[in-house]
Amino acid sequence: MTTIRHLDHADTLHLPVLGDGPFNFRHTVWKPSHYDTGLEAHTTDRSWRTIRIGDLAVGVRLTCEDRTVIADIYTDGDYKPAHRDELRTRLTTSYGLTEDLTAFTALAERVPAMREPLAALGGIRQSCPEDHFEISVVALLLQNTTVSRTTAMTRNLLAHHGLLVHFAGVTLRAWFTPAEIAHVTAECFKEQDRLGYRAKSLPYFAAFFRDHTAEDLLGANLVERFQEIKGVGPYTAAVMASHASRDPSVFGIDVWNRKIFARSLLGAPDADAEVITQRMNELFPGHAGTAALYLVEHDYLARPVAPLLHPAGISSWNQALEATTA
DNA sequence: AGCCAGGTAATCC
DNA sequence: GGATTACATGGC
């Protein structure tokens with residue numbers, strides 16, 4: 001039985017958005033293509049998200065005024081000045097608040113297929129509040145399966161090994177750390193959490209990120225480096241590099257987004273991954289990952305995987321999450 | 001029943 | 001090397 005941790009308000013951060021281009025808060029923080037993890041909740045004008053900083057569980061409530069993101073911070077532990085600094089950096093980086101989109105936009109304006117995505121989503125940035133370990137788990141759970149099963153596996157893992165927190169009126173799950181699942185066996189991931197053959201990979205993921213910090217990986221060719229982990233291939237490594245490392249030139253290609261790119265760039269229902277990758281790099285040199293982001297999110301804008309919540313629906317959201325316990 | 005999902009590693013020639 | 005094939009599992 002998972003107990004709910006109640007987090008108290010500890011801080012308020014004002015995070016400026018730099019650069020002159022547009023900033024789209026709603027679609028930067030909430031992505032129409034992202035599946036429901038239980039780690040975040042979104043209404044039309046605000047978002048809630050959990051973050052782990054080592055042992056500390058943090059709840060963040062995000063709103064935006066003009067070009068400032070306001071982050072209300074909630075914790076249940078000993079909140080120190082160092083945590084404030086780390087959260088400021090983490091949130092600014094996670095949502096690309098200081099990233100310059102002008103080079104991408106200049107390339108995209110010359111491509112007809114980008115006209116509508118730019119008009120609808122101009123000013124969105126990659127969102128990745130996950131760290132490298134956490135996003136690697138997400139990508140692992142997306143491997144060769146349906147999104148509904150990915151959602152179920154995520155729910156199982158977080159219910160059995162993660163945290164359950166309540167803050168600012170919302171109940172959410174929070175990630176486990178590599179250390180917290182170091183003792184869990186592959187058999188448990190398979191039988192209890194229903195991960196199938198992916199169960200064997202997760203212990204390798206946890207061991208790698210227990211032993212390597214983000215600083216260790218600076219300067220490395222990340223897409224190659226991450227593939228040293230058993231269970232990480234070209235797709236998962238690219239998701240890690242494009243999302244957690246925020247390399248704008250990289251995107252992970254799979255059977256799902258391949259069709260989106262083939263349709264919008266080649267006018268075909270599907271195409272070889274090599275053909276698409278070459279075309280993307282040709283049209284958006286150095287920014288193919290950003291282009292991929294705009295094309296995919298625009299494709300999902302009218303029918304989001306996990307739609308925005310109505311404010312009145314938050315209490316039933318909370319009840320549903322609290323009912324799914326270990 | 002069989003095929004396919006927002007892939008990867010092992011094995012084959 | 002590049003081309004198969006097995007791998008878990010649930011939904012249609």
Side-chain angles (χ1 to χ4, degrees), chain A residues 30-40 117 126-128 130 132 134-157 159-160 184-208 222-244 250-265 268-278 280 288-307 324:
Chain A
W30 167 71
K31 290 295 192 289
S33 82
H34 288 194
Y35 74 91
D36 183 12
T37 59
L39 296 160
E40 51 192 52
Q126 185 72 268
S127 62
C128 188
E130 278 73 26
H132 283 85
E134 294 160 354
I135 200 67
S136 75
V137 176
V138 170
L140 174 70
L141 300 184
L142 287 165
Q143 289 176 8
N144 196 44
T145 193
T146 54
V147 168
S148 75
R149 214 176 139 226
T150 300
T151 306
M153 290 188 279
T154 304
R155 187 173 355 122
N156 292 343
L157 276 181
H160 297 147
V184 182
T185 62
E187 289 70 33
C188 179
F189 290 136
K190 184 168 180 288
E191 302 304 325
Q192 179 189 234
D193 304 319
R194 313 303 300 155
L195 297 201
Y197 64 83
R198 299 160 197 78
K200 295 190 294 288
S201 302
L202 192 44
Y204 293 115
F205 285 35
F208 183 88
L222 294 172
V223 177
E224 281 182 15
R225 194 66 207 287
F226 291 141
Q227 291 184 65
E228 293 170 10
I229 308 166
K230 201 153 160 177
V232 175
Y235 169 74
T236 303
V239 170
M240 293 161 77
S242 70
H243 286 65
V250 175
F251 63 101
I253 193 158
D254 52 47
V255 298
W256 156 71
N257 62 20
R258 204 178 66 203
K259 293 170 187 167
I260 296 176
F261 304 143
R263 236 181 308 143
S264 51
L265 296 177
D270 201 352
D272 286 344
E274 295 72 30
V275 174
I276 289 166
T277 303
Q278 191 185 345
M280 291 279 277
T290 310
L293 171 72
Y294 275 71
L295 289 171
V296 167
E297 297 310 328
H298 181 251
D299 197 68
Y300 271 84
L301 194 50
R303 43 187 178 87
V305 177
T324 317

Taking the [atom1] atom in each of [N] and [M], what is the distance between them to the nearest angstrom?
N: B:dA1; M: C:dA8; atom1: P; value: 23 Å
N: B:dT8; M: C:dG11; atom1: C1'; value: 23 Å
N: B:dG6; M: C:dA3; atom1: C1'; value: 24 Å

Looking at [X] and [Y], would you say the former's side chain and the latter's main chain have a donor-acceptor pair under 3.5 Å?
X: A:N257; Y: A:G252; value: yes
X: A:E228; Y: A:E224; value: no
X: A:R149; Y: A:T146; value: no
X: A:E297; Y: A:S33; value: yes

Specify the separation, in whole Å, of atom [atom1] of [X] and atom [atom2] of [N].
X: A:D36; N: B:dG6; atom1: CG; atom2: P; result: 16 Å
X: A:R198; N: B:dT8; atom1: CZ; atom2: P; result: 11 Å
X: A:E274; N: C:dA3; atom1: CD; atom2: P; result: 9 Å
X: A:L195; N: B:dA5; atom1: CG; atom2: P; result: 21 Å
X: A:M240; N: B:dT8; atom1: CE; atom2: C1'; result: 14 Å
X: A:Y300; N: B:dG6; atom1: OH; atom2: P; result: 7 Å
X: A:Y204; N: B:dG7; atom1: OH; atom2: C1'; result: 17 Å
X: A:E297; N: B:dG6; atom1: CD; atom2: C1'; result: 12 Å

Establish, with yes or no, whether the OP1 or OP2 oxygen of [N] is under 4.0 angstrom from a side-chain nitrogen or oxygen of [X].
X: A:K259; N: B:dA5; answer: yes
X: A:K230; N: B:dA10; answer: yes
X: A:R258; N: B:dG6; answer: no
X: A:K200; N: C:dA8; answer: yes

Exercise. Verify side-chain contact (heavy atoms from CB on, under 4.5 Å) between A:L293 and A:K31, making sure each step is shown before the conclusion.
Key: CA-CA 10 Å; A:L293 171 72; A:K31 290 295 192 289; 3.6 Å; yes

Quiz item: Pick one: which of A:Y294, A:F251, A:W256 meets ring pair (Phe, Tyr, Trp, His ring centres under 6.0 Å) with A:F261?
Solution: A:F251

Practice problem: Could you check which residues of residues 139-156 of chain A get a heavy atom under 4.0 Å from DNA chain B? Sort them by number, please. | Solution: A:L142, A:Q143, A:N144, A:T145, A:T146, A:V147

Quiz item: Looking at C:dA8, B:dT8, C:dG10, which one has an atom nearest to any side-chain atom of A:K190?
Solution: C:dA8

Quiz item: Nearest to the side chain of A:T236, which nucleotide is it out of C:dC7, C:dG10, B:dT8?
Solution: B:dT8

Practice problem: Give A:V239 one of three labels, base, sugar-phosphate or nothing, depending on what nucleic acid heavy atoms sit under 4.0 Å from its own. | Solution: nothing

Self-check item: Residue whose nearest DNA chain B nucleotide is more 5′ - A:S33 or A:G231
Solution: A:S33

Quiz prompt | Side chains of A:T236 and A:Q143, donor plus acceptor under 3.5 Å | solution = yes

Quiz item: Just one of A:T37, A:D36, A:V138, A:L142 clears the side-chain contact (heavy atoms from CB on, under 4.5 Å) bar with A:T150, so which one?
Solution: A:L142

Quiz prompt | Under-3.5 Å donor-acceptor pair between A:Y197 side chain and B:dG7 base | solution = yes

